[in-house]
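Here the structure is a predicted model, which is why all the values come from computation and not from measurement.
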There are 2 protein chains.
Amino acid sequence: MSVIMNAVKPRLRLQFGQAVAIGPGKAELLELIAETGSISAAAKRMAMSYRRAWLLVDTMNQCFDAPLVETAAGGKGGGGARVTDLGREVLARYRSILKKCAEAAADDFAFLNGHLASTPPENPH
Amino acid sequence: MSVIMNAVKPRLRLQFGQAVAIGPGKAELLELIAETGSISAAAKRMAMSYRRAWLLVDTMNQCFDAPLVETAAGGKGGGGARVTDLGREVLARYRSILKKCAEAAADDFAFLNGHLASTPPENPH
DNA sequence: GGCCGATATATCCGACGGCATATAACGCTG
DNA sequence: CAGCGTTATATGCCGTCGGATATATCGGCC
């Protein structure tokens, strides 16, 4: 049988002042909003409260020079949320950074993964 | 006068299970322990409680197959903390990932920085 | 026009994280 | 051998973050 290969999971946050312009959570949320066309539906998919999802969207919009998500009130086809062109490009760029990072530093990740403990610390105090 | 150029600050965390094997805070702590030879002195430099610093060190040590920091009790030259070879190499690899990432994805960062708002959100609710 | 489902926002409250504090053991130094 | 500064660990407290809840408003649909 083969040796269990543990691996580290890179999590990248792009910070702008005190706020996080985009990170893993906001990226996934952006993706789900694009899929569902609704903040609340995206929040449900992530098992996240609508409040929190709305806050994340608000922060993202404030961090850039144009909104990443445009919203309209009214239910049943009337309202909802739409990811703008800028929103899609920001998401694509964020994914691109992660991908290029994994490729460019593959040797560093290999070294770190090769020296991981057999088991992650379950009870971090 | 030139246009104010805002920029995003990348923050990378390498997660192993629930714990963060290494991130910005742990990296700086590791560096300061190497400089000062003491957890408590490093903590003071970072305006961090000794408790928190010790917990971070403990987590780091548990995440890898050998300690990054070795400690010895006793004050005034007797005790202290020493960063191991593995610790120095882990730190170097972490820095290397950040550097390579910034280089490989320079165009993506340039795009994002070019579309930042004029001012970061000060009151994120 | 009434209903439904969505955005938008305020308030209350529980959980959790980190600080401050306290204590113990340890090991050079003088 | 007394003292000091360090590692190591437990406990109580408090600020903060986020969830739950409530409410208002809006806009298609039947």
In B:L56, B:L32, B:T71, B:L29, the residue satisfying side-chain contact (heavy atoms from CB on, under 4.5 Å) with B:I39 is B:T71
Is the phosphate of [N], meaning OP1 or OP2, less than 4.0 Å from a side-chain N or O of [X]?
X	N	answer
A:W54	C:dT7	no
B:S40	D:dT7	yes
B:R52	C:dG18	yes
B:T71	D:dT6	no

(Q) Is it the case that over 12 heavy atoms from other parts of the model lie below 6.0 angstrom from the CZ atom of A:R13? (A) no
| request: Determine the contact category for B:G74: base if any of its heavy atoms lies under 4.0 Å from a base atom, sugar-phosphate if only primed atoms, P, OP1 or OP2 are that close, otherwise nothing. | output: base
When we call it a touch if two heavy atoms are under 4.0 Å apart, what does B:A41 touch: a base, just sugar-phosphate, or nothing? nothing
Please tell me which of the listed nucleotides, [options], lies nearest to the side chain of [X]?
X	options	result
B:S38	D:dT11, D:dT7, D:dG19	D:dT7
B:S49	D:dT7, C:dC19, C:dT7	C:dC19
A:A73	D:dG19, C:dT7, C:dA20	C:dT7

Integer-rounded Å distance: [N] [atom2] and [X] [atom1]:
X	N	atom1	atom2	answer
B:K44	C:dA20	NZ	P	12 Å
A:Y50	D:dT23	OH	P	18 Å
B:I33	D:dT7	CD1	C1'	12 Å
B:M48	C:dA20	CE	P	12 Å

Open item on the list: Please evaluate residues B:V69 and B:T84 with respect to the criterion side-chain contact (heavy atoms from CB on, under 4.5 Å), reporting the C-alpha separation (whole Å), side-chain torsions for both, the decisive distance (0.1 Å), and the verdict.
Closed with: CA-CA 6 Å; B:V69 174; B:T84 64; over 6 Å; no
Can you confirm whether the side chains of A:S38 and A:T36 place a donor and an acceptor under 3.5 Å from each other? no
